[in-house]
Amino acid sequence: MSGPVSPKSRYEMNCESQSECTSWKRLFRAFDKDHDGFIPAAELKRFVRESTYSFGMNPEQVEAMLHGIDMNKDNMIDFAEFCTLLSRAKRMRMRHVIFRAAQMVVPKSKRAEHFDYLQKYKCCPPPLFMLLISIIQVAIYVYYVVQSGEGVQVSKPVPVQSPLIFSPNKLEEVWRFFTYAFVHIGIYHIVFNVLTQLILGIPLELVHQWRTILVYIGGVISGSLLVAAVDPKVYLAGASGGVYALLAAHLAELIMNWNEMEFAPVRALILFILIASDAGVAVYQRYFSDEGINKISYVSHIGGFVAGVLLGIVLLRNFRKHRWEQKVWHAALIAYILFTAVCIIMIIAPKIF
């Protein structure tokens with residue numbers, strides 16, 4: 001038979017890490033004024049209710065957090081129950097952040113289904129893809145800036161000898177159809193792409209997880225395929241194909257749910273300014289820059305946008321399905337397959353015939 005649990009041993013229960021355990025012990029001892037290993041349940045609940053704002057939650061969320069916290073109904077909270085309370089607070093605070101992010105990309109009528117799913121989401125896998133790929137892109141940009149010795153400029157350096165950049169003379173090196181997304185031309189190029197994919201990509205990744213990654217990768221590859229098919233004499237660099245896929249997916253959701261999205265006109269205006277300004281810079285660099293034969297294509301923007309619309313319909317999570325949406329899903333899938341097939345045929349055909 002096991003004997004009674006000593007106050008000291010109670011301090012060793014339910015900690016996820018040593019540092020967290022230490023901080024939670026210190027906090028528990030602050031409430032355990034008589035040092036007997038227990039906190040009066042009524043006193044702790046009153047403190048939590050009075051500190052709702054500090055928890056960053058509304059009163060309903062606090063009551064849900066406190067529900068059933070005194071598991072053995074003895075009107076006393078031991079350290080295990082205290083750890084359960086803090087764990088709930090930590091999870092709810094994370095969910096609060098997730099919900100705020102999800103509001104950017106989920107219309108009101110669909111939030112019940114999405115938010116019910118997000119209530120169960122434990123950030124596993126964590127939404128790190130957009131953050132990691134942005135860090136890699138910035139690191140590669142800095143590397144080529146230092147290597148060129150030209151410093152930070154609007155439209156330079158252009159590392160045409162990079163093994164990552166898409167080259168019209170090396171189509172057989174198929175990895176370039178994706179890796180060009182890691183190379184950027186000029187400070188505007190890298191700043192625009194990284195900020196846009198972080199601001200739009202992270203909320204999408206929180207809600208749709210790996211599906212967002214596939215839309216992004218699909219946009220990158222579709223962009224390079226379209227360039228190789230219709231603008232085959234230029235180089236291609238930058239993550240614009242993936243970024244425009246995210247923009248298209250978000251814009252399509254915004255238009256289709258205009259009356260249910262917060263600040264829809266403001267969002268539409270911001271998206272229009274982003275797309276118009278970036279497209280203008282891309283066209284200028286293609287036709288008016290002084291890079292000679294080392295022209296950089298803008299067609300990938302179009303390919304990425306098309307992929308974003310079609311793959312967004314096919315891949316992104318849809319919790320409320322209507323009968324007509326199944327037909328749209330099949331049409332989008334067929335359209336994307338045909339788009340990809342036509343691009344590949346246009347690339348290969350001149351070499352065969």
Side-chain angles (χ1 to χ4, degrees), residues 129-130 132-150 155-186 189-190 192-194 197 201 210 213-246 278 282-283 285-287 289 291-308 310-311 336-353:
F129 176 79
M130 290 299 163
L132 291 176
I133 201 168
S134 298
I135 292 172
I136 294 171
Q137 288 164 348
V138 170
I140 291 175
Y141 169 75
V142 171
Y143 169 78
Y144 283 120
V145 167
V146 173
Q147 184 189 62
S148 70
E150 298 176 342
S155 58
K156 291 182 180 180
V158 183
V160 292
Q161 301 303 321
S162 170
L164 303 177
I165 199 169
F166 180 85
S167 171
N169 305 314
K170 299 179 180 179
L171 296 182
E172 69 281 1
E173 297 179 355
V174 293
W175 67 82
R176 294 176 183 263
F177 281 84
F178 175 73
T179 59
Y180 77 91
F182 294 102
V183 181
H184 286 78
I185 311 301
H189 200 200
I190 184 68
F192 175 87
N193 282 346
V194 167
Q197 68 192 23
W210 57 267
I213 300 173
L214 293 184
V215 170
Y216 183 87
I217 293 174
V220 171
I221 294 175
S222 296
S224 58
L225 286 174
L226 189 61
V227 168
V230 304
D231 200 6
K233 296 182 179 180
V234 298
Y235 290 85
L236 178 61
S240 295
V243 167
Y244 271 69
L246 299 178
D278 184 63
V283 170
Q285 289 183 336
R286 172 65 178 90
Y287 294 110
S289 68
E291 295 303 318
I293 63 170
N294 299 335
K295 295 289 188 178
I296 302 298
S297 178
Y298 65 89
V299 177
S300 65
H301 299 64
I302 301 172
F305 195 89
V306 171
L310 299 178
L311 290 179
Y336 182 73
I337 292 173
L338 287 175
F339 169 80
T340 304
V342 169
C343 287
I344 293 174
I345 291 170
M346 290 178 66
I347 295 169
I348 295 175
K351 303 182 185 305
I352 298 177
F353 304 104

Looking only at atom types and distance, does a side-chain atom of Ser300 sit under 3.5 Å from a main-chain N or O of Gly223, one as donor and one as acceptor?
-> no

Would you say His184's side chain and Ala239's backbone share a donor-acceptor pair under 3.5 angstrom?
-> yes

For Ser162 and Val183, which heavy atoms make the closest approach, and how far apart are they?
-> OG-CG2, 4.0 Å

Assign the ring pair Tyr216 / Phe129 to parallel, tilted or perpendicular, where the plane angle (0 to 90°) is split at 30° and 60°.
-> perpendicular

Drop me the distance from Ser222's OG to Leu311's CG, to the nearest 0.5 angstrom.
-> 6.0 Å

Is any side-chain heavy atom of Leu225 less than 4.5 Å from a side-chain heavy atom of Thr340?
-> yes

CD of Glu150 to OH of Tyr144: how many Å apart, nearest 0.5 Å?
-> 14.0 Å

Flag side-chain contact, heavy atom, 4.5 Å: Asn193 against Ser240 = yes

Do you know the tightest heavy-atom contact between Ala228 and Leu171?
-> CB-CD2, 4.4 Å

Let me see the working for Ile133 and Phe182 under side chain to side chain contact (heavy atoms under 4.5 Å, CB included), right down to the final yes or no.
-> CA-CA 8 Å; Ile133 201 168; Phe182 294 102; 3.7 Å; yes

Among Phe177, Phe178, Trp175, find the one that has a ring-ring contact (aromatic ring centres under 6.0 Å, His included) with Phe166.
-> Phe177

For residues Leu236 and Pro168, determine if any side-chain heavy atom of one lies less than 4.5 Å from a side-chain heavy atom of the other.
-> no

Separation between CD1 of Ile345 and CD1 of Ile347, rounded to the nearest 0.5 Å | 10.5 Å

Do Arg176 and Glu173 sit within salt-bridge range, that is, some charged N less than 4.0 Å from a carboxylate O?
-> yes

Is a donor on one side and an acceptor on the other found under 3.5 Å between the side chain of Gln137 and the backbone of Ala181?
-> yes

Could you check if a side-chain atom of Val158 sits within less than 4.5 angstrom of a side-chain atom of Tyr235, using non-hydrogen atoms only?
-> no

Over all heavy atoms of both residues, which pair between Thr179 and Pro163 is shortest? Give the atoms and the distance, please.
-> OG1-O, 4.4 Å

Determine whether the side chains of Ser224 and Tyr180 contain a donor N or O and an acceptor N or O closer than 3.5 Å.
-> no

Please step through side chain to side chain contact (heavy atoms under 4.5 Å, CB included) for the pair Val234 and Val227, ending with a clear verdict.
-> CA-CA 8 Å; Val234 298; Val227 168; 4.2 Å; yes

Which heavy atom of Cys343 sits nearest a heavy atom of Ala229, and at what distance?
-> O-CB, 3.8 Å

Check whether any side-chain heavy atom of Val243 sits under 4.5 Å from a side-chain heavy atom of Phe192, and report yes or no.
-> yes

Taking every non-hydrogen atom, the tightest pair across Tyr336 and Ala307 = CE1-CB, 3.9 Å

